[in-house]
**Student:** 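Mind looking over this structure? Questions follow.
From a predicted model like this one, the values you see are computed outputs, not experimental measurements.
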Amino acid sequence: MGKWRTRMIQHLALTPSTDLAFLWVEGFPLFTPTALDDKPTHAIGHAGTTESAWTATHHPFTAPQPDHVHLLRDDPGAVMGQHYDLVLNGFEIGGGSIRIHDARLQQYVFEVLGMDESQTARFAHLLDALRFGCPPHGGIALGLDRLMAVLLSAPSIRDVIAFPKSSGAELMVESPSRVDAAQLAE
C-alpha cells in the first residue's frame, strides 16, 4: 500500500502537505481470535497450542483496560488492551503498551492464551518479580528512521536509515554469521 500511495502521489502530481498531523491510535482489543490470526502459533504472545481461541493482539504482557478486567473470564474478545500507536501523517512512527504488573492477572492472561504449565514456566522469573511488587510500567518504541523519513518527505525510508544494510548483511555486528555447534545445541 505504501508503494501504491507513493506512485499515486507522483502520478496525480499531488504536493504532500508540510503540516505535521500526529495521531494516537488506541482502543485495540487485548486478544485476537486465532481464526483471524495468520501468525505462527509458536511466536511469543501465542498460545503454542491449537486449544486456545485467542492470541495476544500486541504481546502477552499488555495490561487490559482496568474497567475491562471483569470481562476476561466470560468475554475475552470484548477486553480492550492498554496499547497504543503513534502515527504521523499516516505513517506509524511508534508503538507501545502499559504492562501487566500483577502476577495473578498475568497468570490468568497466560491461561486465556492457552499456555500450558511448561510454556508458562518460561516466564516464572517474570511472575516471581511481579509477586514481589512490580510498579505499573510501560513504554514506547519510536521508529526514528520512520520519523525522519516523514519529516524530510523522503520517498523511501531507505534514504534516511543511518546504518543501511548492503548485500543483506549488517556490517556493524557482522550478521548474519556462522553459528557454532554449541550455539545450535542451545
Side-chain angles (χ1 to χ4, degrees), residues 1-48 54-66 68 77-101 106 109 113 122-123 126 134-179 183:
M1 289 301 292
K3 288 181 182 179
W4 179 84
R5 180 174 147 170
T6 302
R7 286 187 184 149
M8 290 306 295
I9 288 171
Q10 292 169 346
H11 178 74
L12 297 173
L14 297 174
T15 306
S17 170
T18 57
D19 294 340
L20 299 179
F22 287 91
L23 171 71
W24 283 103
V25 181
E26 56 184 1
F28 296 100
L30 187 63
F31 303 109
T32 301
T34 55
L36 301 177
D37 192 344
D38 60 353
K39 297 175 187 168
T41 57
H42 64 276
I44 282 200
H46 296 78
W54 304 104
T55 62
T57 302
H58 190 64
H59 57 64
F61 315 109
T62 301
Q65 291 291 344
H68 287 198
V79 178
M80 294 293 134
Q82 293 187 59
H83 39 125
Y84 36 82
D85 287 337
L86 179 59
V87 176
L88 174 58
N89 295 358
F91 294 93
E92 180 187 339
I93 60 169
S97 67
I98 301 300
R99 307 293 164 50
I100 295 172
H101 59 277
Q106 182 65 73
V109 167
L113 294 172
R122 292 182 12 197
F123 301 106
L126 170 68
C134 183
H137 59 287
I140 187 166
L142 293 174
L144 293 178
D145 46 4
R146 292 181 184 188
L147 175 61
M148 294 310 299
V150 174
L151 292 176
L152 297 172
S153 298
S156 170
I157 194 171
R158 293 180 180 163
D159 295 335
V160 299
I161 293 176
F163 301 103
K165 309 287 187 270
S166 61
S167 307
E170 165 51 75
L171 302 177
M172 298 296 288
V173 297
E174 299 176 0
S175 173
S177 61
R178 296 259 180 225
V179 179
Q183 287 176 309

**Student:** Side chain to side chain contact (heavy atoms under 4.5 Å, CB included) for L151 and L20? Distances and angles first, verdict last.
**Tutor:** CA-CA 8 Å; L151 292 176; L20 299 179; 3.8 Å; yes
**Student:** Is the backbone N or O of G94 less than 3.5 Å from a side-chain atom of R146, with the two atoms forming a donor-acceptor pair by type?
**Tutor:** no
**Student:** Would you say the side chain of I157 lies within less than 4.5 Å of the side chain of F91, judging by non-hydrogen atoms?
**Tutor:** no
**Student:** Could I get the full list of side-chain contact (heavy atoms from CB on, under 4.5 Å) partners for H101, not counting sequence neighbours?
**Tutor:** P136, H137
**Student:** In chain order, what residues pass the side chain to side chain donor-acceptor pair (under 3.5 Å) check against S97, with sequence neighbours excluded?
**Tutor:** H59, R99
**Student:** In Å, rounded to the nearest 0.5 Å, how long is the span from OH of Y84 to CD1 of I98?
**Tutor:** 4.0 Å
**Student:** For L147 and L142, what are the C-alpha separation, side-chain angles and deciding distance, and is it a side chain to side chain contact (heavy atoms under 4.5 Å, CB included)?
**Tutor:** CA-CA 8 Å; L147 175 61; L142 293 174; over 6 Å; no
**Student:** Could you state the interatomic distance from CD1 (I161) to OG (S156), rounded to the nearest 0.5 Å?
**Tutor:** 7.0 Å
**Student:** Taking only residues two or more places apart in sequence, or in another chain, which ones meet V79 in a side-chain contact (heavy atoms from CB on, under 4.5 Å)?
**Tutor:** L30, P64, H68, L71, L72
**Student:** Quick check: closest heavy atoms across A154 and V160, and the distance to 0.1 Å?
**Tutor:** CB-CG1, 4.1 Å
**Student:** Using modelled atom types and a 3.5 Å cut-off, is there a donor and acceptor pairing between side-chain atoms of D145 and backbone atoms of R158?
**Tutor:** no
**Student:** Mind listing the closest non-hydrogen atom pair of L113 and W54 along with its distance?
**Tutor:** CD2-O, 3.8 Å
**Student:** Could you list the residues that satisfy side-chain contact (heavy atoms from CB on, under 4.5 Å) with Q10, not counting sequence neighbours?
**Tutor:** T6
**Student:** Only counting residues at least two apart or in another chain, list the ones meeting side-chain contact (heavy atoms from CB on, under 4.5 Å) with V25.
**Tutor:** L23, F28, D85, V87
**Student:** Mind checking the NE2-CD spacing from H83 to E26? Nearest 0.5 Å is all I need.
**Tutor:** 10.5 Å
